[in-house]
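Naming: A, B, ... by sequence-line order, numbering from 1 per chain. Everything numeric in this text was worked out from a predicted model, so none of it was measured.
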Amino acid sequence: MSEVRVRFAPSPTGFFHIGSARTALFNWLYARKTGGTFVLRIEDTDKERNTEEALQVLIDGMKWLGLDWDEGPDKGGDYGPYFQSERREIYDKHLEILRKNGRAYDKDGAVFFKVSGKPQVIQDEVRGRVERLEEKDFVIYRSDGSPVFHFVNVVDDMTMGITHVIRGEDHLSNTSKHTELFAAFDAPTPIFAHIPLILKQSGPGKMSKRDKGALIEEYQQQNFLPSAVRNYLCLLGWNPKDNREVMPIDTIIEEFSFSGVQKGSAKFDEKKMAFINMETLRGLEIGTFSWMASQALANAGVIKGGVDEDYLQTVMQLAQPKVNGLDTIADYVGYFFTEDFSYDEKTTGRLQKKGNPVELLGQVKTALASVDDWKADSLDAAFTALAQAHGQEKPFAWFPATRWAVSGAAGGPDLLPLLEVLGKDKVIARLAKGIEQF
RNA sequence: GUCCCGUUCGUCUAGCCUGGUCAGGACACAUGGUUUUCAUCCAUGCAACAGGGGUUCGAAUCCCCUACGGGAUGCCA
């Protein structure tokens with residue numbers, strides 16, 4: 001373990017915002033890169049909003065993204081408690097220090113902090129030297145007796161031995177308040193790194209919880225790969241300075257540095273997110289892919305109960321190179337697992353316009369019924385023989401109707417392997433069912 | 001209003017520190033190809049240094065100004 005101690009200090013609001021998630025991620029990356037400690041501290045001072053469920057959303061999201069913490073809720077640690085609501089004694093003790101220093105005074109029923117009047121110099125790891133004068137004394141305890149954010153934040157960072165404060169740029173202007181406080185406690189100032197904000201993809205301003213893609217819960221629900229979401233989030237505001245984009249997390253940890261962090265804020269791009277997700281999906285081991293796909297299929301109600309592992313994996317071998325997301329996998333390969341699939345009406349109409357599907361399907365059914373060695377090669381031979389019997393070189397004329405009859409769709413995996421995997425009985429039965437549709 | 005931060009293709013960005021490359025890559029988009037089909041794949045194309053002034057033989061790169069965007073200026077966090 002190195003000396004580095006970083007923290008993520010969210011306040012549980014009932015949702016996990018993408019911007020918060022990225023702040024957590026950058027802290028986590030830095031901790032893992034340096035062999036330091038990643039602390040999760042819960043800023044649950046707002047009694048009204050802080051429910052058990054709200055905390056759970058946060059914890060689920062963190063776990064889903066694979067951002068494990070070394071100290072915090074469920075983990076404990078030597079610097080607890082890790083809930084601000086349980087640290088009141090510590091705050092009050094520190095208020096007394098400031099009072100003794102002559103840096104805190106009462107006014108209008110509240111407690112004010114007396115600023116030094118000196119410009120605060122922040123050596124920011126991302127932005128370089130930033131200088132700002134904190135002009136006015138500010139409130140550290142409200143008239144209702146509760147301590148305010150700036151005060152508790154500094155006291156917590158100080159007492160928890162935080163060495164690096166990595167947070168959103170919206171806190172850059174607040175930093176002069178914080179350095180004033182650290183100095184007043186005669187405590188060393190942590191190293192700051194202010195990371196850019198994530199802006200909404202269209203229109204002005206930062207992502208708000210109402211924007212599409214703003215909440216980690218959405219990605220969980222839509223069966224995005226957590227590693228892909230995490231990868232994309234890394235790329236929003238950081239890059240390894242070469243052209244690599246889709247990378248394993250170990251590589252990102254290895255390459256991560258503040259010099260690679262962007263100064264300007266970045267717009268969220270759902271298309272790129274989807275692309276990274278697809279790329280990540282393609283790179284999965286077939287076993288992993290099959291397992292995840294089966295979860296998605298089960299959620300969609302396509303799979304009920306157990307499925308034969310070998311069959312599942314064979315189907316997924318066809319699907320993996322072509323599918324672009326797990327949220328649509330049920331549409332793409334659902335018919336492999338259930339007879340309860342629907343025929344695409346547009347395709348039905350198109351087939352009727354183009355020729356006589358009933359006749360075509362009847363011919364295919366007869367041709368395939370006599371195939372005993374049910375392999376793609378033999379099926380190819382049977383189709384070719386059928387074509388040649390009708391004076392055609394290639395059997396392409398029979399393909400669209402066949403695909404439609406067995407899958408209900410106009411597109412999908414390669415037809416012959418598809419038929420092979422589906423098996424003779426199902427194919428013959430579905431050809432018959434297809435004929436009845438007209 | 002004041003203070004702080006920022007600004008390269010539509011988007012994410014490389015290049016800037018240590019001036020000299022047709023300003024590179026990716027997503028998106030367009031066209032063509034492959035494919036029975038398709039959500040894949042391949043090829044090609046489109047497209048940017050916010051504006052103005054300096055410094056310099058030469059500026060995306062260094063300096064200044066302006067504009068625009070964001071943040072702070074709360075007894076919110």
Side-chain angles (χ1 to χ4, degrees), chain A residues 9-13 20 43-46 49 84 107-112 119-120 122 124 126-128 130-136 138-153 167-177 194 196-199 201-202 204-206 232 234-246 259-260 262-276 278-279 281-282 319-325 328-329 331-332 347 350 383 387 394-404 407 409-416 418:
Chain A
S11 101
T13 51
S20 302
E43 307 214 332
D44 58 344
T45 45
D46 186 339
R49 286 194 300 182
Q84 276 184 351
K107 188 185 158 194
D108 303 332
V111 183
F112 280 71
Q120 300 299 301
I122 300 136
D124 193 278
V126 174
R127 275 136 221 289
V130 177
E131 199 176 301
R132 187 170 188 274
L133 175 66
E134 196 59 39
E135 296 179 30
K136 293 192 302 189
F138 54 91
V139 173
I140 50 177
Y141 266 67
R142 302 184 187 87
S143 48
D144 69 2
S146 60
V148 310
F149 164 74
H150 301 298
F151 179 81
V152 295
N153 203 259
R167 54 168 33 162
E169 197 204 330
D170 47 342
H171 285 297
L172 185 57
S173 298
N174 288 329
T175 306
S176 46
K177 285 190 176 72
H194 286 92
L197 269 22
I198 299 176
L199 272 23
Q201 45 183 345
S202 57
K206 50 181 178 177
Y232 176 69
C234 288
L235 261 20
L236 265 188
W238 173 85
N239 70 81
K241 302 277 181 195
D242 50 35
N243 294 328
R244 284 175 296 173
E245 291 193 324
V246 178
S259 63
Q262 211 63 26
K263 289 189 178 74
S265 24
K267 277 188 181 165
F268 175 77
D269 183 353
E270 61 173 322
K271 292 245 176 75
K272 186 112 186 191
M273 167 78 255
F275 171 78
I276 302 276
M278 182 186 79
E279 282 288 296
L281 217 44
R282 298 282 170 78
Q320 189 180 20
K322 305 192 81 172
V323 79
N324 61 11
T328 52
I329 192 132
D331 294 335
Y332 197 70
T347 312
R350 205 176 309 139
F383 269 109
K394 298 276 184 185
F396 297 159
W398 286 265
F399 278 15
T402 305
R403 173 183 295 283
W404 169 85
S407 74
D414 292 345
L415 182 63
L416 270 10
L418 184 160

| field | Cation-pi geometry met for A:K322 and A:Y332 (6.0 Å, 45°) | value | no
| said: With a 4.5 Å cut-off on side-chain heavy atoms, are A:K272 and A:E245 touching? | reply: yes
| Rounded distance (Å) that lies between atom P of B:rG6 and atom NZ of A:K263 | 7 Å
| said: Roughly how many Å apart are B:rA60 and B:rG19, using the P atom of each and rounding to a whole number? | reply: 14 Å
| request: Under 4.0 Å between any heavy atoms, over every strand shown, what does A:G168 touch: base, sugar-phosphate, or nothing? Just pick one. | output: nothing
| message | The side chain of A:R403 is closest to which nucleotide in this list: B:rU37, B:rA72, B:rC27? | response | B:rU37
| field | Closest nucleotide among B:rU13, B:rC5, B:rU36 to the A:P400 side chain | value | B:rU36
| field | Any-strand Watson-Crick or G-U partner of B:rG19, both distances under 3.5 Å | value | none
| task | Determine which nucleotide pairs with B:rA50, using a 3.5 Å limit on both distances of a Watson-Crick or G-U wobble pair. | result | B:rU66
| request: With heavy atoms under 4.0 Å as the rule, sort A:L235 into base, sugar-phosphate or nothing. | output: sugar-phosphate
| Hey, which of these two, A:L199 or A:D331, hits RNA chain B nearer its 5' end, going by closest nucleotide? | A:D331
| query | When the distance from CG of A:N243 to P of B:rC27 is rounded to whole Å, what number comes out? | reply | 11 Å
| query | What integer number of Å spans the C1' atoms of B:rA39 and B:rU35? | reply | 13 Å
| request: May I have the distance from A:D108 (atom CG) to B:rG74 (atom C1'), rounded to whole angstrom? | output: 14 Å
| OP1 or OP2 of B:rC4 under 4.0 Å from side-chain N/O of A:R127 | no
| Side chain of A:K136 (C-beta onward), nearest among B:rU37, B:rU11, B:rU73 | B:rU73
| query | Has A:N239 got a side-chain N or O lying under 4.0 Å from the OP1 or OP2 atom of B:rA14? | reply | yes
| said: Can you tell me if A:R244 touches the phosphate of B:rC12, counting only side-chain N or O atoms and a distance under 4.0 Å to OP1 or OP2? | reply: no
| task | Look at the side chain of A:K322 and the base of B:rU37, then say whether one donor and one acceptor between them are separated by less than 3.5 Å. | result | yes
| message | Within the 4.5 Å heavy-atom criterion, are A:Q262 and A:N239 side-chain neighbours or not? | response | yes
| Closest non-hydrogen atom pair between A:L236 and A:A266, with its separation | CD2-CB, 3.6 Å
| field | Pair partner, B:rG32 [Watson-Crick or wobble, under 3.5 Å] | value | B:rC42
| said: Using the side chain to side chain donor-acceptor pair (under 3.5 Å) definition, which of the options A:E131, A:Q120, A:R132 pairs with A:S176? | reply: A:R132
| Under a 4.5 Å cut-off applied to non-hydrogen side-chain atoms, are A:L416 and A:F383 in contact? | yes
| message | Just N and O in the side chain of A:K272: are any of them under 4.0 Å from OP1 or OP2 of B:rA28? | response | no
| So, is A:Q262 near the phosphate of B:rA14, with a side-chain N or O under 4.0 Å from OP1 or OP2? | yes
| query | Reckon A:G325 touches a base, only the sugar-phosphate, or nothing at all at heavy-atom distances under 4.0 Å? | reply | nothing
| request: Quick one: label A:Y141 by what it contacts on the DNA or RNA (base, sugar-phosphate, nothing), any heavy atom closer than 4.0 Å. | output: nothing
| query | Once you round it to whole Å, what is the distance between C1' of B:rG70 and CG of A:L172? | reply | 11 Å
| said: The side chain of A:V130 is closest to which nucleotide in this list: B:rG71, B:rC4, B:rC75? | reply: B:rC4
| How far does the C1' atom of B:rA67 sit from the matching atom of B:rG52, given to the nearest Å? | 10 Å
| message | Taking any heavy-atom pair under 4.0 Å as a contact, classify A:H194: base, sugar-phosphate, or nothing. | response | nothing
| said: Applying a 4.0 Å non-hydrogen cut-off, can you work out what A:N153 is touching in the nucleic acid: base, sugar-phosphate, or nothing? | reply: nothing
| Shortest non-hydrogen contact between A:R127 and A:K263, atoms and distance | NH2-O, 3.1 Å
| task | Measure the distance from OH on A:Y232 to C1' on B:rU11 and round it to the nearest whole Å. | result | 8 Å
| task | Go through the N and O atoms of the side chain of A:S173 and the base of B:rC3, and report whether any donor-acceptor pair is under 3.5 Å. | result | no
| Between atom CD1 in A:I329 and atom C1' in B:rC38, what is the gap in whole Å? | 14 Å
| said: Nearest to the side chain of A:F396, heavy atoms from C-beta on, is which of B:rA26, B:rU36, B:rA77? | reply: B:rU36
| said: With heavy-atom distances below 4.5 Å as the criterion, would you say the side chains of A:Q84 and A:F149 are in contact? | reply: no
| Checking all strands, does A:A110 fall into the base, sugar-phosphate, or nothing category for heavy-atom contacts under 4.0 angstrom? | base
| said: Any strand counts, and the cut-off is 3.5 Å on both contacts for Watson-Crick or G-U wobble. Which nucleotide pairs with B:rA14? | reply: none
| Expressed in whole Å, how much space separates the C1' atoms belonging to B:rG58 and B:rU21? | 14 Å
| note | The nucleotide from B:rU73, B:rC75, B:rC27 with an atom nearest the side chain of A:K177 is B:rU73
| Whole-Å distance separating the CZ atom of A:F399 from the C1' atom of B:rU37 | 10 Å
| request: Could you work out the separation of B:rC49 and B:rC62 based on their C1' atoms and round it to a whole Å? | output: 15 Å
| said: Set out, in order, the CA-CA distance, both residues' side-chain angles and the distance that settles side chain to side chain donor-acceptor pair (under 3.5 Å) for A:S146 and A:R142, then state yes or no. | reply: CA-CA 5 Å; A:S146 60; A:R142 302 184 187 87; 2.7 Å; yes
| request: Have a look at A:N174 and say if it touches a base, only the backbone sugar-phosphate, or nothing, with a 4.0 Å heavy-atom cut-off. | output: base
| query | Between the base of B:rG6 and the side chain of A:S265, is there any donor-acceptor pair under 3.5 Å? | reply | no
| remark: Residues A:G325 and A:L281: closest non-hydrogen pair is CA-CD2, 3.7 Å
| Taking atom C1' of B:rG74 as reference, at what distance in whole Å does atom CD1 of A:I140 sit? | 15 Å
| request: Check every strand shown and say whether A:E131 touches a base, only sugar-phosphate, or nothing at a heavy-atom separation below 4.0 Å. | output: sugar-phosphate
| field | Nucleotide nearest A:L197 (side chain, heavy atoms from C-beta), chosen from B:rG70, B:rA77, B:rU13 | value | B:rG70
| request: Give one of base, sugar-phosphate or nothing for A:D124, where a contact means two heavy atoms less than 4.0 Å apart. | output: nothing
| What is the base-pairing partner of B:rA77, counting Watson-Crick and G-U wobble geometry with both distances under 3.5 Å? | none
| query | A:E169 or A:G237: which one's nearest nucleotide on RNA chain B is closer to the 5' end? | reply | A:E169
| Considering every strand shown, what is the Watson-Crick or G-U wobble mate of B:rA72 when both distances are under 3.5 Å? | B:rU2
| request: For A:G264, answer base if it contacts any base atom (sugar-phosphate contacts may also be present), sugar-phosphate if it contacts only those atoms, and nothing otherwise; contact means non-hydrogen atoms under 4.0 Å. | output: sugar-phosphate
| The side chain of A:R132 lies closest to which of these nucleotides: B:rA72, B:rC75, B:rC41? | B:rA72
